[in-house]
Trainee: 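The structure follows.
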Amino acid sequence: MKTINKYFKGMVLTALISLGSTTATAGGPANYNVVPLPQSIQMAKGAAFELDGNVQILAPAELQNEAEFLKQYITELTKIDLSIVNKRAKKVRYIELAVSPKVTAKEGYVMNINQKGVTIQGGTAAGVFYGIQTLRKSLPIACKCGKHKGGSLPAATITDAPRFGYRGMHLDCSRHFWSVDFVKKFIDLLAMHNMNIFHWHLTDDQGWRIEIKKYPKLTTIGSQRSGTILGTNSDLDDGIPHGGFYTQQEARDIVKYAQERHITIIPEIDMPGHMLAALACYPELGCTGGPYEVGHYWGVYTDVLCVGNPKVYEFVEGVLAEIMDIFPSEVIHIGGDETPTVKWEACPKCQALGLSKDKLQAHFTQKVFDYLTAHQRRALGWDEILDGCPQDAMIMSWRGSEPGAKAAEAGHDVVMTPTSHCYFDYLQSEDARFEPSRCGGFIPVEKVYSLEPAPESFSAEAKKHILGAQANLWSEYLLTEGLVEYQALPRMSALSEVQWTQPELKNYDAFKERLTRFTKLFEFYNYKYAKHLWPERQLPSRWQF
């Protein structure tokens, strides 16, 4: 991963921070001080570029996808419908898109704005796309009545590239099932934040959400539960059936939707623990033979896959074969977290392996790893798999940053997602009375912003193995789509700056100024977001207690 190391400081930075406090007005000037903050914004002398209906988008055939997005964004935000052309004409002003070898960072871009036109050059099509995102987020938002159109783009040069190559966001669709349309809306949110990885949690104890044709019971039985526990694992169940799954065609459609936005979907099939929904369908895969039921409660179940049963590996390979056919991602997430050994310790088949209880999961992980490697894929797992996992396995550090540090020092590629900073199902206020989530913990926006995935305490070699960072949205207590958005925003915005912007440029107070303007886009696209940073925007009723 290459990074552009051109920083703006001192008076330039001060000027840009002051720009962040300017509210976007219909038909007014653009504001390049966006989220995440670009690596370099150099304001230039000369007249601004006037965006109006006479402007055209100039793009080669290989960038038609990006040109269509630019056209869409401009139409949405300014009410101007620009045409897309692939040949230059005289006396026409253009927003020109191009891939250039001069931009050496794979996902980097350089955007030049002057009176005559706008050019966005990227190291790849992805780089062009991120330049388009910056332009989109810079535009003034037109009145929805449509009376105000266009705006001016001040002369400037923006030179930008991401700090990390892995910029992820996770969504749990197992505990609560989300529609195809909402998953796409969530992916749009990732694109707005320059994120390039969607970690899709598809299976767990409480529901199996992806069609596997070889094992049809996974969806006819495993995708449905007869009720859900009320509150925080109380003794009362709501008795309301909950279910749903994605057909393979729907999943392929979502993969394509993400790819168009330069987002890779990493699917997760969590194993050998968190498999109760699968065991309810095929009880012979468990150590006791059942009976099993799709989980109603949250937490960790002791019933797991029987690692001493050859049929389990036949099942796992059958599932993964279809998963790999649906998802082209090089990386497949195999879970591996929270796997109790109590059933293995009492199981004759598991004990026949002749391994100690703390080596049984490593035995299972090695077999899954070998299968994926034979099919030119890489295994990614939660940090529990670190003990005894193959050298090429990727580690997702969730139990703090320490497991990730240990893994990186040992030469494993690591994604940082510690519960201390990156679990977005946690509360956003210490006063839980007005919080919709029942989950514990407290992670405010400032805490997310303070995350340092590769601190100076890491060795230079270990830092090379920190691929990036990700936040997780577990859905035990997320009952509606709006609540998913509320828990994600604006913490996702803080995370995006951790992932994208060089640490020397980060400043929380300046970020809050930029974030205040950025929320106008949340409102424009009808995303729900938490308003703790802006008490004046919160419902007045909470102050009447």
Side-chain angles (χ1 to χ4, degrees), residues 170-186 200-251 253-254 267-286 288-305 315 319 322-323 326 335 337-338 425 436-439 472-488 528:
H170 155 288
L171 181 62
D172 172 13
C173 293
S174 176
R175 276 52 175 263
H176 283 95
F177 176 76
W178 311 114
S179 69
V180 169
D181 285 344
F182 179 71
V183 172
K184 289 181 177 179
K185 187 181 181 186
F186 192 76
W200 200 4
H201 188 81
L202 288 165
T203 70
D204 219 296
D205 298 303
Q206 297 82 8
W208 187 285
R209 305 296 179 209
I210 183 70
E211 177 188 22
I212 302 297
K213 294 180 179 179
K214 185 175 181 179
Y215 298 103
K217 291 181 181 179
L218 290 173
T219 46
T220 58
I221 297 174
S223 71
Q224 304 293 321
R225 64 174 181 264
S226 57
T228 302
I229 203 67
L230 290 172
T232 308
N233 281 345
S234 72
D235 290 330
L236 185 62
D237 191 286
D238 65 12
I240 301 172
H242 180 86
F245 67 92
Y246 307 98
T247 67
Q248 292 196 3
Q249 184 53 50
E250 286 173 332
D253 180 52
I254 291 171
E268 180 183 358
I269 306 297
D270 202 351
M271 51 188 167
H274 289 292
M275 269 281 174
L276 190 57
L279 295 178
C281 308
Y282 301 99
E284 66 275 15
L285 301 179
T288 68
Y292 306 106
E293 181 185 7
V294 178
H296 290 212
Y297 290 82
W298 315 130
V300 180
Y301 291 82
T302 58
D303 286 304
V304 300
L305 293 178
F315 168 79
V319 168
E322 294 191 34
I323 290 295
I326 299 167
D337 62 313
E338 299 176 327
D425 50 325
S437 174
R438 297 286 301 173
C439 190
N472 302 325
L473 261 176
W474 300 103
S475 68
E476 286 94 334
Y477 303 104
L478 305 186
L479 307 180
T480 69
E481 295 173 352
L483 184 49
V484 174
E485 296 169 8
Y486 174 93
Q487 290 296 117
K528 305 296 187 296

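Here the structure is a predicted model, which means the values were calculated and not measured.
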Trainee: Any ion pair linking Glu481 and Lys185 (charged N to carboxylate O, less than 4.0 Å)?
Mentor: no
Trainee: Step by step, work out the side-chain contact (heavy atoms from CB on, under 4.5 Å) result for Trp474 and His201.
Mentor: CA-CA 9 Å; Trp474 300 103; His201 188 81; 3.6 Å; yes
Trainee: Over all heavy atoms of both residues, which pair between Tyr215 and Phe315 is shortest? Give the atoms and the distance, please.
Mentor: OH-CA, 3.3 Å
Trainee: Could you pull out all residues at least two apart from Asp172 that satisfy salt bridge (Lys or Arg N to Asp or Glu O under 4.0 Å)?
Mentor: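 Salt bridge (Lys or Arg N to Asp or Glu O under 4.0 Å) list for Asp172, sorted by chain: Arg175.
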Trainee: For Val484, give me all partners under side chain to side chain contact (heavy atoms under 4.5 Å, CB included), at least two apart in sequence or on another chain.
Mentor: Leu171, Trp178, Phe182, Phe186, Leu473, Leu478
Trainee: Looking only at heavy atoms, which two atoms of Ser179 and Tyr246 are closest? And how far apart?
Mentor: C-CE2, 4.4 Å
Trainee: Once rounded to the nearest 0.5 Å, what's the spacing between atom CD1 of Ile212 and atom SG of Cys281?
Mentor: 11.5 Å
Trainee: Could you work out, with side chain to side chain contact (heavy atoms under 4.5 Å, CB included) as the rule, every residue matching Glu338, not counting sequence neighbours?
Mentor: His274, Val300, Glu384, Trp398
Trainee: Once side chain to side chain contact (heavy atoms under 4.5 Å, CB included) is applied, do any residues pair with Thr232, and if so which ones, sequence neighbours excluded?
Mentor: Arg438, Tyr477
Trainee: Under 3.5 Å, is there a donor-acceptor pair between the side chain of Thr203 and the main chain of Asp270?
Mentor: yes
Trainee: Could you measure the distance from the CD atom of Gln248 to the CD atom of Glu322? Nearest 0.5 Å is fine.
Mentor: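 Between Gln248 CD and Glu322 CD, I get 5.0 Å after rounding to 0.5 Å.
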Trainee: Taking atom CZ of Arg225 and atom CG of Leu276, what is their separation to the nearest 0.5 Å?
Mentor: 11.5 Å
Trainee: Write down the atom of Met275, the atom of Ile269, and the distance for their closest heavy-atom approach.
Mentor: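 Of all heavy-atom pairs spanning Met275 and Ile269, the closest is CE-CG2, 4.0 Å.
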Trainee: Which heavy atom in Pro283 sits nearest to a heavy atom in Ala280, and how many Å separate them?
Mentor: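 In this case the closest contact between Pro283 and Ala280 is CD-O, 4.4 Å.
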Trainee: Give a yes or no on whether the backbone of Glu211 and the side-chain of Thr219 come within a donor-acceptor separation of less than 3.5 Å.
Mentor: no
Trainee: Could you pull out all donor-acceptor pairs under 3.5 Å where a side-chain atom in residues 233-243 meets a protein atom, sequence neighbours excluded?
Mentor:
{"unit_1": "Asn233", "atom_1": "OD1", "unit_2": "Trp298", "atom_2": "N", "d": "3.1"}
{"unit_1": "Asn233", "atom_1": "ND2", "unit_2": "Trp298", "atom_2": "O", "d": "3.0"}
{"unit_1": "Ser234", "atom_1": "OG", "unit_2": "Leu230", "atom_2": "O", "d": "2.7"}
{"unit_1": "Ser234", "atom_1": "OG", "unit_2": "Leu236", "atom_2": "N", "d": "3.1"}
{"unit_1": "Ser234", "atom_1": "OG", "unit_2": "Leu236", "atom_2": "O", "d": "3.3"}
{"unit_1": "Asp237", "atom_1": "OD1", "unit_2": "Thr228", "atom_2": "N", "d": "3.3"}
{"unit_1": "Asp237", "atom_1": "OD1", "unit_2": "Gly239", "atom_2": "N", "d": "2.8"}
{"unit_1": "Asp237", "atom_1": "OD2", "unit_2": "His296", "atom_2": "ND1", "d": "2.7"}
{"unit_1": "Asp238", "atom_1": "OD1", "unit_2": "Thr228", "atom_2": "N", "d": "2.8"}
{"unit_1": "Asp238", "atom_1": "OD1", "unit_2": "Ile240", "atom_2": "N", "d": "2.9"}
{"unit_1": "His242", "atom_1": "NE2", "unit_2": "Phe177", "atom_2": "N", "d": "3.1"}

Trainee: With sequence neighbours excluded, what pairs up with Asp253 under the salt bridge (Lys or Arg N to Asp or Glu O under 4.0 Å) test?
Mentor: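 Partners of Asp253 by the salt bridge (Lys or Arg N to Asp or Glu O under 4.0 Å) criterion, ordered by chain and then number, come out as Lys184.
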Trainee: Keeping Glu476 on the side-chain end and Cys439 on the backbone end, is there a donor-acceptor pair under 3.5 Å?
Mentor: no
Trainee: Are Val304 and Leu279 close enough that some pair of their side-chain heavy atoms sits under 4.5 Å apart?
Mentor: no
Trainee: Rounded to the nearest 0.5 Å, what separates atom CD in Gln487 from atom NZ in Lys528?
Mentor: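 Rounded to the nearest 0.5 Å, the CD-NZ separation comes out at 14.0 Å.
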Trainee: I need the minimum non-hydrogen distance between Leu483 and Leu479, along with the two atoms involved.
Mentor: CD2-N, 3.7 Å
Trainee: Would a distance-only check, ignoring hydrogens and angles, find a side-chain to backbone donor-acceptor pair under 3.5 Å from Ser174 to Gly207?
Mentor: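 Between the backbone of Gly207 and the side chain of Ser174 there is a qualifying donor-acceptor contact (under 3.5 Å).
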Trainee: Would you say Tyr282's side chain and Lys217's backbone share a donor-acceptor pair under 3.5 angstrom?
Mentor: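 Yes, the answer is positive, given that a donor and an acceptor are paired below the 3.5 Å cut-off.
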Trainee: Nearest heavy-atom pair of Trp208 and Ala277: which atoms, and what distance?
Mentor: N-CB, 3.9 Å
